[in-house]
Amino acid sequence: MSIEFHLKNVLLEALASLYNYSATDAEATLQPTRKDMEGDFTVVVFPYTKISKKSPEQTAKEIGEYMKTNLPEITGFEVIKGFLNVKIDTHIWINFLNKTYPNQHFGCPRKGLNDEVYVVEYSSPNTNKPLHLGHIRNNVLGHSLSRIFEANGKKVAKVNLINDRGIHICKSMLAWQRWGNGETPQNSGKKGDHLVGEYYVLFDKEYKKQIAELMADGMKEEEAKKNARLIQEAQEMLRLWEAGDADTIALWKMMNGWVYEGFTQTYTQMGVDFDRFYYESETYTTGKKFVLEALEKNILFQKPDSSIWVDLTDEGLDQKLLLRADGTSVYMTQDLGTAALRHGDYDFHKHVYVVGNEQDYHFVVLKMVLAKIGFKWANYLHHMSYGMVELPEGKMKSREGTVVDADDLMEEMIKTSREISQELGKLDGMSEQEATQLYRMIALGALKYFILKVEPKKNMVFNPRESIDFNGNTGPFIQYAHARIQSVLRKATEQGLHVEGDLPENLVLDKKEINLIRTVRQFTLIVAEAAQNMSPAVIANYLYELVKDYNQFYHDYSILKEEKPELRNFRLRISELVGRVVKHGMYMLGIDVPNRM
RNA sequence: GGACGUAUAGCUCAGCUGGAUAGAGCAACGGCCUUCUAAGCCGUAGGUCUCUGGUUCGAAUCCAGAUACGUUCACCA
């Protein structure tokens, strides 16, 4: 039983014995004592003054006395302004270390501890242009969340729904067909997704020109947008695609192939991966069946033009189209279908969609419609809604060319990482290959941490200059702590220092040392909380706290030069444990940590 | 207009289910490397927690309203 359990019990006893009051579990609350105060656990006694009919100070004193005499682990207490701060015998903390040290699973991923399957859909790009900063937040969040679930014992399936069909892809195809002169990634040396993206931009440029011309001839803007030759040709191409026209399909396959090669490179560089890809071209019709069935059962209704709708006015929402008059699917229909398909594939207990908050409404409706149709698992769907990424100058706008390209950004950061590393010159003797790996590790650590430390649902400002900073609350700061710990441990081994067996319980430790143990001990709770809240930021902020504590400890105490062996052993142990927590915590953020930097 | 979200230091962000003097980093200024990695540590300065009211022994935190900003309410995805 944990010390918290015993403390709580004795607190309940105290209330019963002193004031003849049987408190509920919730009324007996315990919190960790603030770092700047003396003590380990704090009881806030204000709520008890009603039953004690005494001042907070007097009540705290009485409860403190009772607890101390009835629980030997309590070595003392202090009352400050109605707060009862209880001090615990150090051997409790040493015990924790002795128990935890051999447990390699402490804070480690505990894959497949139970059989619940969680599906996490993330990334889900369109295939008409390369990935940008917004996608980076999506990918990094989805990847991290998957690992957090795994660490909590879930089986996780990471899935990516590729939006590989539709008018936007046709725009790129049309522009390439018309102005491409047979340009390919091979003959131009361009990355496939970037090349396709260029033609998408080119389409837009030419399309705008046509609109302007039509408007100059007196046409209204709205009409000009519909009547421009280019857009009509793109729509015709989409029709051909849906009809299975061989040439169109061939062109589509070729250009999508280029994009996939590009995406694969970007994903590899980013360090994210997937268990399964779904393609919209293969699934976009699957929802239709369910819609028609539901119509039979009168769950949905049909308008005179024969389009099919769901009525959500009773739920306080609008009517929503599910099938067009010509029988083709819309976005909602497709998502209904893929959700059902996935449930068939995985029989999931939770299905998380990592999708931006501009689609909040869509997912509310999706869940409602699935429930209405009669799928009990509709409740298992969860939209992990995250905020937009903005630049210091404001929103990213593709039209104004302010979009930060994912590949460019990563490359830029790796370059900076190399420059700073070489300037610091700590990598002498490291092979070129190792060093190159390290630059990437640091750059990606900086980028991912910068994004993940912010609460997902909040919009965030991405300042390229600050993200590339490697000091303060950053990924490299945490990576650096890991490298220093490993360096100490290496030296210990070189000097033949091995810590064996348990640490003696009667060690005398300083406040900062105990504090470090307490912070390490929290890790398990943090991992659970991160999964509960679906927030990698919980882990990021915890790791920062931990590393700050460790850096202080590292600065204030000698480890290898400590002369008392048992104290030196303790410091080596706690260092190793902090190192492990950092490594596993960073793993959950999708960030690697180096042994040297 | 309806719905949803956000508002904390000059900037970027923490602040758990209400608890002690509201915390970090960056930027500014000052100190610490003959000692385990200074990508580090310590210090100074910086606040009407958007505003108003309510609940409470106690509110940045909960509730109501106001204001500002963002998103959304497409036969786009």
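Sequence lines set the chain letters: A, B, ... in the order given, protein chains first and strands last, and positions in each chain run from 1.
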Would you kindly give the CG-to-P distance between A/N473 and B/G25, to the nearest whole Å?
9 Å

Would you mind classifying the nucleic acid contact of A/L323 as base, sugar-phosphate or nothing, using non-hydrogen atoms under 4.0 angstrom?
nothing

Length of the line joining A/E562:CD and B/U35:C1', which is rounded to integer Å
14 Å

N/O (side chain, A/K35) to phosphate O (OP1/OP2, B/G23) under 4.0 Å
no

Checking all strands, does A/S421 fall into the base, sugar-phosphate, or nothing category for heavy-atom contacts under 4.0 angstrom?
base

Does B/C33 sit syn or anti, given that only angles within 90° of 0 count as syn?
syn

Hey, what are the protein-to-nucleotides 40-44 of chain B N/O distances that come in under 3.5 Å?
residue : atom : partner : partner atom : Å
B/G40   : OP1  : A/G472  : N            : 3.4
B/G40   : OP2  : A/N471  : OD1          : 3.1
B/G40   : O3'  : A/N551  : ND2          : 3.1
B/G40   : O2'  : A/R484  : NH2          : 2.9
B/C41   : OP1  : A/N551  : ND2          : 3.3
B/C41   : O2'  : A/H555  : ND1          : 3.0
B/C42   : OP1  : A/Q552  : NE2          : 2.7

The nucleotide from B/C57, B/U21, B/G70 with an atom nearest the side chain of A/K81 is B/U21

Could you measure between the two C1' atoms, the one in B/U52 and the one in B/A60, and give it in whole Å?
16 Å

Return the set of residues passing side chain to side chain donor-acceptor pair (under 3.5 Å) with A/S535 (not counting sequence neighbours), or none when no residue passes.
A/E455

If we take the P atom in both B/A28 and B/C33, what is their distance in whole Å?
22 Å

Using a 4.0 Å heavy-atom cut-off, write out nucleotides 72-77 of chain B from 5' to 3' as B (base contacted by protein), S (sugar-phosphate only) or - (no contact).
SS-BSB

Close side-chain approach of A/K457 to A/Y386, heavy-atom, < 4.5 Å
no

Does A/N595 reach a base, just sugar-phosphate, or nothing at all? Heavy atoms under 4.0 Å.
base

Could you tell me whether A/Y550 contacts a base, only the sugar-phosphate backbone, or nothing, with contacts defined as non-hydrogen atoms closer than 4.0 Å?
nothing

Regarding A/E62 and A/T59, is there a side-chain donor-to-acceptor distance under 3.5 Å anywhere?
no

pair A/Q302-A/W309: side-chain heavy atoms closer than 4.5 Å:
no

What is the separation between atom CG on A/N533 and atom C1' on B/G15, rounded to the nearest whole Å?
14 Å

What interatomic distance, in whole Å, is found between P of B/A27 and the corresponding atom of B/C11?
16 Å

Between A/Y544 and A/V461, which residue's closest nucleotide on RNA chain B lies nearer the 5′ terminus?
A/V461

Going by distance alone, is a donor N or O of one side chain under 3.5 Å from an acceptor N or O of the other, for A/N128 and A/S172?
no

NE2 of A/H482 versus C1' of B/C36: gap in Å, rounded?
16 Å

In whole angstroms, how far is the C1' atom of B/C26 from the CD atom of A/E466?
6 Å

Who pairs with B/A77 - Watson-Crick or G-U, where each distance is under 3.5 Å
none

Taking a pair to mean Watson-Crick or G-U wobble geometry with both distances below 3.5 Å, B/C62 pairs with B/G54

Complementary nucleotide of B/U67, counting Watson-Crick and G-U pairs under 3.5 Å:
B/A7

Evaluate the side-chain proximity of A/H362 to A/D335: yes if any heavy-atom separation is below 4.5 Å, no if none is.
yes

Would you call A/R521-A/E4 a salt bridge at under 4.0 Å N-O?
yes

May I ask you to say what A/N85 touches in the nucleic acid, namely base, sugar-phosphate or nothing, with a heavy-atom cut-off under 4.0 Å?
base

Nearest whole angstrom, please: distance from the P of B/A38 to the CD of A/E423.
17 Å

With side chains defined as the heavy atoms from C-beta onward, is the minimum distance between A/T127 and A/I162 less than 4.5 Å?
yes

Base, sugar-phosphate alone, or nothing: which one does A/N463 contact when heavy atoms must sit under 4.0 Å apart?
nothing

Scanning all shown strands, the Watson-Crick or wobble mate of B/U48 with both distances under 3.5 Å is none

Would you measure the distance from the P atom in B/C26 across to the matching atom in B/G40 and give it in whole Å?
8 Å

A/K458 NZ - B/G5 P separation (whole Å)
14 Å

On a whole-Å scale, what distance lies between the P atoms belonging to B/U8 and B/G2?
25 Å

Measuring from the side chain of A/P47 (C-beta onward, heavy atoms only), which nucleotide among B/C36, B/C57, B/A20 has the closest atom?
B/C57

Below 4.0 Å: OP1/OP2 of B/C57 and any side-chain N or O of A/K50
yes

Atom pair distance, as rounded to whole Å: CG in A/L391 and P in B/C11
18 Å

Say you pick atom C1' in B/G18 and the same atom in B/C29; how far apart are they, in whole Å?
38 Å

Considering residues, nucleotides and ligands other than A/K511, do more than 12 of their heavy atoms fall under 6.0 Å from its NZ?
yes

Taking the six-membered ring for Trp, are the ring centroids of A/F477 and A/Y480 within less than 6.0 Å of each other?
no

For the C1' atoms, the ones on B/C36 and on B/C16, what distance do you get once it is rounded to whole angstrom?
36 Å

Which base sits across from B/U72 as a Watson-Crick or G-U pair, both distances under 3.5 Å?
B/G2

With respect to the side chain of A/K561, which nucleotide from B/A14, B/C11, B/U35 is positioned closest?
B/U35

Base, sugar-phosphate, or nothing: which does A/S385 touch, judged by heavy atoms less than 4.0 Å apart?
nothing

What interatomic distance, in whole Å, is found between P of B/C41 and the corresponding atom of B/U48?
29 Å

Between A/E121 and A/R342, does at least one N-O distance fall below 4.0 Å, as a salt bridge requires?
yes

Who is the Watson-Crick or G-U wobble partner of B/C29, with both distances under 3.5 Å?
B/G43

Under 4.0 Å between any heavy atoms, over every strand shown, what does A/M460 touch: base, sugar-phosphate, or nothing? Just pick one.
sugar-phosphate

Is the CD atom of A/Q495 crowded by more than 12 outside heavy atoms at less than 6.0 Å?
yes

Can you find a side chain N or O atom of A/S487 that sits less than 4.0 Å from OP1 or OP2 on B/U37?
yes

Counting Watson-Crick and G-U wobble pairs only, both distances under 3.5 Å, name the nucleotide matched with B/C13, or none.
B/G23

A/F203 and A/Y200: CA distance, side-chain angles, deciding distance, ring pair (Phe, Tyr, Trp, His ring centres under 6.0 Å) verdict
CA-CA 5 Å; A/F203 176 95; A/Y200 185 76; 7.3 Å; no

